[in-house]
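What follows is a single structure, written as structure tokens, with notes after it.
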There are 2 protein chains.
Amino acid sequence: MAKISKKELIIEHSRKSFSKNGYELTSLESIAKECEITKPAIYYHFKDKATLYKAVVCPEFTALAEKIEKNTQDGDAVKRVQNYISTFGNFLISNPDFSAIFAREIANGSANIPDECINQLSRTIKQLVNILYAGESEGVFSKESPFLIQMMIVTPLISCHTSKPLRERVALHAQNSKISLEPNFANIIDSLSTKIIKGLKC
Amino acid sequence: MAKISKKELIIEHSRKSFSKNGYELTSLESIAKECEITKPAIYYHFKDKATLYKAVVCPEFTALAEKIEKNTQDGDAVKRVQNYISTFGNFLISNPDFSAIFAREIANGSANIPDECINQLSRTIKQLVNILYAGESEGVFSKESPFLIQMMIVTPLISCHTSKPLRERVALHAQNSKISLEPNFANIIDSLSTKIIKGLKC
DNA sequence: ATTTCCTTACTGAATGGTAAGTAAAATATT
DNA sequence: AATATTTTACTTACCATTCAGTAAGGAAAT
């Protein structure tokens with residue numbers, strides 16, 4: 001097992017708890033217990049709960065922005081949008097705690113999110129703006145609000161993860177219909193990508 | 001002013017608070033203050049916080065299911081999908097507290113949502129399943145996971161409302177680009193509708 | 001001798017929920 | 001019609017718990 005500092009251990013457990021339970025329902029006492037330390041040990045490493053949250057979420061948003069920028073530079077606009085979507089989708093797969101954290105932030109108007117993350121998020125969106133603008137110049141995309149496109153990409157993918165318990169409950173109440181088919185996430189990414197591209201094209 | 005029972009007054013203020021602050025950060029004391037009563041008065045009308053929440057959310061999900069069913073019976077599959085989307089969008093406009101409540105429920109895996117709401121939600125989704133199936137039979141839609149389509153409709157529209165503060169902060173960090181254009185919600189509904197239909201067609 | 005990295009023990013504030021009592025309205029009884 | 005009784009719709013006062021955050025101290029490494 002890789003050697004990991006206690007500070008990083010705290011961050012890992014915190015990330016899981018913030019993702020599973022949300023900011024309010026995450027207690028520092030329970031995180032401490034999971035790390036097999038005591039609560040003030042957390043306060044030794046982090047000023048307060050908000051700072052710990054920041055240490056959890058900032059690297060995630062930064063990593064996302066970097067992957068997006070890296071993977072959406074080349075190709076025509078269609079290809080770049082496809083890469084934007086698949087990069088985001090694969091990021092959600094490799095960062096399984098991110099979906100719920102991001103979904104909560106969208107739902108509560110980014111109340112807990114630090115400015116640094118907003119900065120990273122705006123890098124991501126700027127990239128999408130550039131791609132859409134390139135698509136217009138190429139004459140393949142009609143003019144569209146980048147904000148809506150961003151929402152059409154990000155929120156369905158995120159919600160695929162977070163709404164799983166909700167879907168399971170709905171499936172119980174609708175047994176005789178075809179809702180119960182649980183889709184595979186890789187397929188979802190592809191399928192969403194196809195539809196968004198179709199929707200964007202003139 | 002229409003006469004309103006104290007019980008309904010409590011529900012109205014609760015709805016606003018649950019929407020604005022979320023379940024955890026909504027304190028019954030603060031609701032009581034807004035209603036100009038005391039906390040135990042709330043407990044006279046409602047067994048506990050969960051029951052109050054139920055009284056707030058159930059009518060919303062029921063009203064949504066009824067409007068959806070009512071407005072998506074007639075016409076061809078394309079028309080019915082358009083009506084599904086516009087009915088949902090207009091519901092969000094006329095029920096301004098619903099977006100945040102629903103978004104939070106999706107984000108936290110429906111932890112607070114009562115079974116009765118799940119029932120209403122499954123009515124809504126069954127209707128979409130029917131429409132998509134009709135579209136396949138008509139030969140105009142390709143086979144698709146209804147669940148993904150539901151997510152593609154519901155989550156972007158909801159997030160348009162809840163992410164407004166987030167967008168404003170992003171706009172501050174991206175002043176020199178074109179992100180700042182704040183789209184009009186009625187236009188968003190139309191635009192989303194067009195794109196989803198394009199994406200669904202064979 | 002000092003800094004690092006923790007521990008035990010604690011405080012204060014917020015909050016869900018309850019016990020007990022009360023004024024007014026509705027209902028039953030004389 | 002007048003009076004007694006019960007029910008409705010609350011209030012004041014309080015309890016129990018949870019939780020963010022702190023004070024003070026200690027062992028080990030530097």
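So you know, we letter chains A, B, ... as the sequences are listed, proteins then strands, and number each from 1.
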Kindly give the atom pairs (protein nitrogen or oxygen, nucleotide nitrogen or oxygen) under 3.5 Å for nucleotides 25-30 of chain D.
none

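- Distance B/Ile42 CD1 to C/dG17 C1': 12 Å, rounded to the nearest Å.
- Protein atom OH of A/Tyr43 is 4 Å distant from nucleotide atom P of D/dG21, rounded to whole Å.
- Between the side chains of B/Ser86 and B/Asn90, no donor-acceptor pair of N or O atoms lies under 3.5 Å.
- The CD-C1' distance, from A/Glu29 to C/dT11, rounds to 14 Å in whole Å.
- Between B/Lys16 and B/Glu34 there is no salt bridge, since none of the side-chain N atoms of the basic residue sits less than 4.0 Å from a carboxylate O of the acidic one.
- Remark: C1' of D/dG21 and OH of A/Tyr53 are 20 Å apart, rounded to the nearest angstrom.
- If you take CD of A/Glu24 and C1' of D/dT18, they are 14 Å apart, rounded to a whole angstrom.
- Using a 4.0 Å heavy-atom criterion, one finds that B/Thr26 contacts the sugar-phosphate atoms exclusively.
- With respect to B/Asp74 and B/Lys79, no salt bridge is recorded, no charged nitrogen being found less than 4.0 Å from a carboxylate O.
- Side-chain contact, B/Tyr23 with B/Glu105: no donor N or O sits under 3.5 Å from an acceptor N or O.
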Residues A/Cys160, B/Phe147; criterion side chain to side chain contact (heavy atoms under 4.5 Å, CB included); working and verdict:
CA-CA 9 Å; A/Cys160 275; B/Phe147 151 70; 3.7 Å; yes

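- For the residue pair A/Ser193 and A/Asp190, no side-chain donor N or O sits within less than 3.5 Å of a side-chain acceptor on the partner.
- Shown here is A/Glu116, whose CD atom has no more than 12 heavy atoms of other residues, nucleotides or ligands within 6.0 Å.
- Between A/Leu25 atom CG and C/dG16 atom C1' the separation is 14 Å, expressed in whole Å.
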Passes side-chain hydrogen bond (donor to acceptor under 3.5 Å, both in side chains), B/Lys126 versus B/Ser122? Steps please.
CA-CA 6 Å; B/Lys126 267 183 194 166; B/Ser122 79; 5.0 Å; no

Nucleotides 2-8 of chain C: which of its N/O atoms have a protein N/O under 3.5 Å away?
residue	atom	partner	partner atom	Å
C/dC5	OP2	A/Tyr44	OH	2.9
C/dC6	OP2	A/His45	NE2	3.0
C/dT7	OP2	A/Thr38	N	2.9
C/dT7	OP2	A/Thr38	OG1	2.4

I'd like a table of atom pairs between the protein and nucleotides 22-24 of chain C - only N or O on both sides, under 3.5 Å - with the distance next to each one.
none

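- If you measure from atom OH of B/Tyr23 to atom P of C/dT15, you get 14 Å, rounded to the nearest angstrom.
- Here C/dT15 presents its P atom at 10 Å from NZ of B/Lys33, a figure rounded to the nearest Å.
- Applying side-chain contact (heavy atoms from CB on, under 4.5 Å) to A/Arg80 and the options A/Asn71, A/Ile131, A/Leu132 leaves one that passes, A/Ile131.
- With a 6.0 Å cutoff to the six-membered ring centre and a 45° limit on the axis angle, B/Lys7 counts as a cation-pi contact of B/Phe46.
- Taking a 6.0 Å sphere around NZ of B/Lys54, one finds it holds 12 or fewer heavy atoms contributed by other residues, nucleotides or ligands.
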